[in-house]
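Only heavy atoms go into these numbers, but all of them, side chains included; no hydrogens, no water, no symmetry mates.
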Amino acid sequence: QIMAAYPPSHGLKNIITLGRRECSLPDDVSVYKYLTGGIKADEEQKGKLIQRIISDLKSYMDFFEVQSGMAIGNLFVSNLPEEMAWIETTLSKSLDLPVLPIDYKLWLKDCKIEGVNTEKVPPKALFGMISALLH
């Protein structure tokens, strides 16, 4: 059961702007290549680029936990290209939250959705598609 969802106000556009400034890259395309592994970068430097998102999430988590009296147990990041999966890993480490494990085959069965080959569709894409169908 999902108790809270938070769309960060500082998403990819903010990361790209920071990337240009922090890494002295000339344009948005260069920053995107940097973020997706087309340009070699270490994890610490990439982590600096999402520091604002980390700060926002920490504030949101504190607010949620005070308001609800419940702790946040897992992290799930959707709609990222595979080349940017490092963002979820970095957020997980920085926020000290494990990534939410999802059994997609069981989820599909529970939703009475048949005929989906989970081997051919990336899990994050599958999550987005099923979420759209259910709403």
Side-chain angles (χ1 to χ4, degrees):
Q1 180 178 5
I2 295 176
M3 296 297 295
Y6 180 71
S9 56
H10 302 282
L12 187 58
K13 184 176 180 180
N14 180 259
I15 293 172
I16 287 175
T17 301
L18 279 172
R20 266 198 328 268
R21 188 173 59 230
E22 294 286 325
C23 305
S24 302
L25 295 168
D27 55 31
D28 292 354
V29 173
S30 298
V31 177
Y32 188 79
K33 286 180 182 176
Y34 176 81
L35 294 171
T36 58
I39 297 175
K40 185 72 177 149
D42 64 34
E43 294 304 311
E44 182 179 334
Q45 183 65 30
K46 286 181 177 179
K48 289 178 184 177
L49 297 180
I50 62 168
Q51 190 56 48
R52 181 65 190 261
I53 294 171
I54 293 168
S55 297
D56 285 353
L57 285 170
K58 282 182 180 178
S59 294
Y60 180 75
M61 288 169 57
D62 290 344
F63 176 78
F64 174 82
E65 290 175 358
V66 167
Q67 293 296 313
S68 70
M70 295 184 292
I72 294 176
N74 294 91
L75 171 76
F76 182 79
V77 179
S78 63
N79 300 327
L80 285 177
E82 290 293 320
E83 305 85 30
M84 296 179 81
W86 64 268
I87 291 177
E88 184 176 60
T89 304
T90 302
L91 288 174
S92 175
K93 288 178 186 174
S94 298
L95 299 171
D96 196 27
L97 286 174
V99 174
L100 178 68
I102 298 176
D103 183 337
Y104 289 96
K105 290 180 182 182
L106 180 60
W107 189 32
L108 288 167
K109 183 179 176 184
D110 286 349
C111 295
K112 297 178 180 35
I113 298 173
E114 298 176 8
V116 176
N117 184 343
T118 57
E119 305 302 319
K120 291 188 177 183
V121 180
K124 299 288 180 158
L126 188 61
F127 178 83
M129 288 186 288
I130 294 170
S131 294
L133 288 171
L134 296 175
H135 288 94

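- A 4.5 Å side-chain heavy-atom check between Leu75 and Val77 finds at least one atom pair inside the cut-off.
- Taken to the nearest 0.5 Å, the CG atom of Asp103 stands 10.0 Å off from the NZ atom of Lys109.
- Nearest heavy-atom pair, Pro98 versus Ser92, reported as atom, atom and distance to 0.1 Å: CA-OG, 4.0 Å.
- Contact of the Tyr32 side chain with the Met84 side chain is registered, since non-hydrogen atoms from C-beta on lie closer than 4.5 Å.
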Just do the side-chain hydrogen bond (donor to acceptor under 3.5 Å, both in side chains) check on Asp62 and Ser59 with the steps written out, would you? CA-CA 5 Å; Asp62 290 344; Ser59 294; 5.8 Å; no
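- When all heavy atoms are compared, the tightest approach of Leu95 to Ile54 is CD2-O, 4.0 Å.
- In this structure the side chain of Val99 never reaches within 4.5 angstrom of the side chain of Asn74, judged on heavy atoms.
- Note: Asp110 CG to Lys105 NZ = 14.5 Å, rounded to the nearest 0.5 Å.
- Under the side-chain hydrogen bond (donor to acceptor under 3.5 Å, both in side chains) criterion, Asp96 pairs with no residue, sequence neighbours left out.
- Put simply, CD on Glu83 and NZ on Lys33 are 13.0 Å apart, with the number rounded to the nearest 0.5 Å.
- Connection of Met61 to Met70 is established within a shared hydrophobic cluster, with ILVMFWY side chains joined at heavy-atom distances below 4.5 Å, either directly or through further cluster members.
- Judged purely by atom type and a 3.5 angstrom limit, Ser30 has no side-chain atom pairing as donor or acceptor with the backbone of Pro26.
- Atom CG of Asp28 and atom OH of Tyr34 lie 15.0 Å apart (nearest 0.5 Å).
- No donor-acceptor distance shorter than 3.5 angstrom exists from the side chain of Glu88 to the backbone of Phe76, with no hydrogens or angles considered.
- Cluster membership check: Leu108 shares its hydrophobic cluster with Leu100, using side-chain heavy-atom separations under 4.5 Å among Ile, Leu, Val, Met, Phe, Trp and Tyr.
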